[in-house]
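When a residue number appears, it is its place in the shown sequence, counting from 1. Nothing here was measured: the structure is a model prediction, and the numbers come from that model.
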Amino acid sequence: MKKKIKIWMMAATLVCGLILTTSCTKEGDIIYQSDPKDQASTVPLVTVIYDPNALGDKGYNDLICQGVEMAAHKYGLRTMQLSPATVDEGLAYLQMMFQVMATTQDTIRRLFIVAAASYDDYLRKNISRLESNPYTDLLYFET
C-alpha cells in the first residue's frame, strides 16, 4: 500500500511539474513556458486582452489576433493574447498588468490592447497608473 502511495505521489509531482512548464490553447496547441533562469527578453511586447471567450468565432476579435500576430512576425515583437473565461478573470489580468507596469523600472516597450468594453470602468479609473511608465502604452478598442 505504501508503495502505491509513493508511486501516486511521484506521478502527481511529475504531472504538476509538466503543468507548471506547459499550458494549452483552446485548439490544443502546447505553449511551453520559459525557463526562469533564462535572461529576460528586451524585445517589445504586445499584450491583447479580449472579452471572455471572444476568440474562435471568426469575428473581429479573431481578425485583431491575426493582425497582431502578423505585425509581430513582421517586426520581431513578442505577443501575449489573453481571452479569459470570465470578466473577473479578465479584470484580474488587467489588475496584475497595471500593478506591474506602475512599478516596472526597465525600458522594454509594451503595448496593451484592450479589445473589450467589459473592462471600461476599470480602465477609466486606472489609466493614470500607466503614466509613471513612459515605455507603456494602452490602445483601447471600445466596442
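Y122 meets the side-chain hydrogen bond (donor to acceptor under 3.5 Å, both in side chains) test with R129; sequence neighbours excluded. Checked against salt bridge (charged side-chain N to carboxylate O under 4.0 Å, His left out), D62 has no partners two or more places apart in sequence or in another chain.
Nearest heavy-atom pair, S83 versus A54, reported as atom, atom and distance to 0.1 Å: OG-N, 3.3 Å. The minimum heavy-atom distance between P52 and T86, with the atom names listed, is CG-C, 3.4 Å. Shown here for V114 and L94, the closest heavy-atom pair between the two residues is CG2-CD2, 4.1 Å.
Within the 4.5 Å cutoff, the side chain of F112 has no heavy atoms near those of the D137 side chain. You'll find the side chain of Y50 stays beyond 4.5 Å of the side chain of S118, heavy atoms only. In this structure, L63 and K58 have side chains that are not in contact, with every pair of non-hydrogen atoms separated by 4.5 Å or more. V46 has its side chain out of reach of R78: every pair of non-hydrogen atoms, C-beta onward, lies at least 4.5 Å apart. Residues I64 and Q66 have side chains not in contact (no heavy-atom distance under 4.5 Å, counting atoms from C-beta outward). Using a 4.5 Å heavy-atom cutoff, the side chains of L45 and L111 are not in contact. When side chains are defined from C-beta on, I113 does not count as touching L138, because their heavy atoms never get closer than 4.5 Å. Counting heavy atoms from C-beta outward, P44 and Y135 have side chains that stay 4.5 Å or more apart.
Of the possible polar contacts, none joining the R110 side chain to the T136 backbone as a donor-acceptor pair under 3.5 Å is found.
Donor-acceptor pairing under 3.5 Å is lacking for the side chains of D51 and Y119.
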Apply the test side-chain contact (heavy atoms from CB on, under 4.5 Å) to residues T47 and L82: give CA-CA distance (whole Å), side-chain angles for both, the deciding distance (0.1 Å), then the verdict. CA-CA 8 Å; T47 302; L82 303 171; 4.0 Å; yes
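With rounding to the nearest 0.5 angstrom, the CD1 atom of I49 is 10.5 Å from the CD atom of Q81. A distance of 11.5 Å separates CE of M97 from CG of N126, quoted to the nearest 0.5 Å.
Under the 4.0 Å criterion applied to side-chain N and carboxylate O atoms, D120 and R124 are assigned as salt-bridge partners.
Sorted by first and then second residue, the pairs that involve residues 90-99 and meet side chain to side chain donor-acceptor pair (under 3.5 Å), not counting sequence neighbours, are E89-Y93.
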